[in-house]
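Note that the structure is a prediction, hence the values are computed from the model and not measured.
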Amino acid sequence: MTEGITTVTVPVLLLGCGGVGRELLHHIVASRHLHSKRGVVLRVVGVRDSRSLLQVEDVATMGFDDAFLTEICRIKSSSSSLSALLDFGHCQLFKDSEATTKILDIAGLLGRTTGLSVVDCTASTETVGILKETVDLGCCIVLANKKPLTCGIDDYDKLISNIRRIRFESTVGAGLPVIVSVTRVLASGDPIYRIIGSLSGTLGYVMSEVEDGKSFSKVVLAAKSLGYTEPDPRDDLSGMDVARKALILARLLGWRINMDDIQVDSLYSNEHGPNSMSTEDFLRIGLPSLDRDVQERVSAASSRGKVLRYVCVIEGSRCQVGLQELPKDSPLGRLRGSDNVVEIYSRCYKDSPLVIQGAGAGNDTTAAGVLADIIDLQDLFH
């Protein structure tokens, strides 16, 4: 520890031990020396997966050591249960409803006194109830999970009721500083009147490849083989993930809207949807049937000196997600590959927008954003 620096210990309770959650634990272990220089110690007191909660014996004083955190990552990456770690000792396992009760017990003990950070790295709506209760118990909340912030407006209001104790940078653009940039512009008294962004690395890659003359279906299949898409590419092509990010940004601007208020243009029709055909049939039959329409739209945009990008647009009373024709020389028009790009227009950024660009997907960058949010919260507890 650097001499003269006061040490702050931040207890952390992790919900979700999938790709992002495991990467977060790796980052915590790898960053110990850096955090020590800043006078911060992260003490992981519990890890929850979909089946159970693993916690230290004494949450008031103990935390999992780095060897144990590394072992958690190894066990979960092989799809094993957290119960396999009981042989290591100094921990307790709770399942189902008992796990939820224990999480709230931990929150009640550590929330107001030490600023327990409850970190949601799941992709579930089922964490909303727990998160709302931890808010009442004085806990801090860090989200990589978009779904709590895109639930009903009443639940949203509850989650952000103490805006100083919630961070959610990684819900939009992974580790890119999109949320903090919007927040800082608004805090300066500079009204934002337009946000346009390519917020899907998958769709950014697909549209830039199609622009080069490749067929839509072959590009989507290539993206799937590279791991860019979900197992069923329709989860990406529907635009719903982009819509959730758009809703988070619109609500950040003060818009009192819900998901139903967003116009979402899917890249496939209902006849190609999950209720109409299997994933295998979509990949074999449905996807190639979309090639002609997409290519015609790409060619039409090109004839007007523009390119097609799948973007969200938040402006006036409009919050829309779908394909847009954009100038080739604009930041979004120049976009290549799987990067995310966001353009923010305000009084100060009217003629030359604030542009944020970089890797907007991946467990590594998302987990890095989550860790930065946790460290940011420690300033509340000096």
Where is the tightest heavy-atom contact between [X] and [Y], given as atom of each residue plus distance?
X      : Y      : result
Val10  : Gly115 : CG1-O, 4.4 Å
Leu308 : Met207 : O-CB, 3.8 Å
Gly63  : Arg43  : CA-CG, 3.5 Å

Can you name the residues that form a ring pair (Phe, Tyr, Trp, His ring centres under 6.0 Å) with [X], not counting sequence neighbours?
X      : value
Tyr205 : Tyr228
Tyr268 : Phe282
Phe88  : Phe68

Does [X] reach the side chain of [Y], with side-chain heavy atoms less than 4.5 Å apart?
X      : Y      : value
Trp255 : Arg251 : no
Val178 : Ser181 : no
Ile141 : Val119 : no
Glu169 : Val142 : no
Leu237 : Ser266 : no
Ile195 : Leu253 : yes
Arg234 : Met277 : yes
Val313 : Cys319 : no

Review point. Who are the side chain to side chain donor-acceptor pair (under 3.5 Å) partners of Glu343, not counting sequence neighbours?
Key: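 With neighbours one apart ignored, the set is Tyr345.
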**Study point:** side chain to side chain donor-acceptor pair (under 3.5 Å) against Lys306, all qualifying residues, sequence neighbours excluded
**Key:**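 Testing Lys306 for side chain to side chain donor-acceptor pair (under 3.5 Å), a comparison that skips the adjacent residues, returns none.
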Point to revise | Sequence-distant partners of Ser215, side-chain contact (heavy atoms from CB on, under 4.5 Å), two or more places apart | key: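 Per chain and number, Ser215 pairs via side-chain contact (heavy atoms from CB on, under 4.5 Å) with Ser217, Lys218, Asp291.
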**Study point:** Residues Lys224, Asp236: salt bridge by 4.0 Å N-O rule
**Key:**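 So Lys224 does not pair with Asp236 through a salt bridge.
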Check your understanding: Hey, is Arg334 close enough to Asp329 for a salt bridge, meaning N to O under 4.0 Å?
Key ->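 A salt bridge is absent here (no side-chain N lies under 4.0 Å from a carboxylate O).
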Would you say the side-chain atoms of [X] pair up with the backbone N or O of [Y], donor to acceptor, closer than 3.5 Å?
X      : Y      : answer
Ser78  : Ile75  : yes
Ser330 : Gly333 : yes
Lys146 : Arg244 : no

Point to revise | Arg184, CZ atom: more than 12 neighbouring heavy atoms under 6.0 Å | key: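 At most 12 heavy atoms, drawn from other residues, nucleotides or ligands, come within 6.0 Å of this atom.
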